[in-house]
Visitor: 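Sharing a structure below in structure tokens format, with a few things to ask.
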Amino acid sequence: MAVAGGWVFTDAADACLFTLLEEWDLIAAHQIHIGRLVTSGACAGIVAHLANDPVSHHYKRR
């Protein structure tokens, strides 16, 4: 289970808005990783600083 790459994009007008883009080999690997972060509480500190709950999407590269 490995992330192949990752990038952070900030909004051109508002640096407080950002997108974290990760490239995973398998969607299932990403889902397992996120599940472990949530279950362990490892991401709670980050989420506490967000105005809204994180949104996750899976895209296909074309």
Side-chain angles (χ1 to χ4, degrees):
M1 168 167 64
V3 63
W7 303 266
V8 177
F9 298 92
T10 56
D11 186 85
D14 184 351
C16 290
L17 298 175
F18 67 92
T19 297
L20 172 61
L21 177 65
E22 298 176 329
E23 184 175 0
W24 285 79
D25 295 328
L26 299 170
I27 291 173
H30 177 250
Q31 292 170 329
I32 290 167
H33 172 71
I34 294 298
R36 287 179 179 160
L37 288 176
V38 171
T39 301
S40 72
C43 64
I46 295 170
V47 173
H49 294 283
L50 301 177
N52 298 302
D53 288 339
V55 177
S56 182
H57 299 280
H58 295 103
Y59 299 97
K60 292 181 181 180
R61 184 184 288 227
R62 302 218 182 239

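On a predicted model such as this, the values are computed, not experimentally measured, just so you know. Excluded from the calculations below are hydrogen atoms, water molecules and symmetry mates; all remaining heavy atoms, backbone and side chain alike, are included.
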Visitor: Closest heavy-atom contact between Ala13 and Asp11?
Guide: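 Result for this residue pair: N-OD2, 2.9 Å.
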Visitor: What is the distance from atom CG of Leu26 to atom NE2 of His58, rounded to the nearest 0.5 Å?
Guide: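 Here the rounded value is 11.0 Å.
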Visitor: Just verifying a value: how many Å separate His33 NE2 and His30 NE2, rounded to the nearest 0.5 Å?
Guide: 6.5 Å
Visitor: Could you tell me which residues satisfy ring-ring contact (aromatic ring centres under 6.0 Å, His included) with His49, sequence neighbours excluded, listed by chain and number?
Guide: none
Visitor: Through direct or indirect side-chain contacts below 4.5 angstrom among Ile, Leu, Val, Met, Phe, Trp and Tyr, which residues connect to Leu20?
Guide: Val8
Visitor: If you measure from CZ on Phe9 to OG1 on Thr19, what distance do you get to the nearest 0.5 Å?
Guide: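 The distance works out to 8.0 Å.
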Visitor: Give the minimum heavy-atom separation between Pro54 and Val47, together with the two atoms involved.
Guide: CG-CG2, 4.2 Å
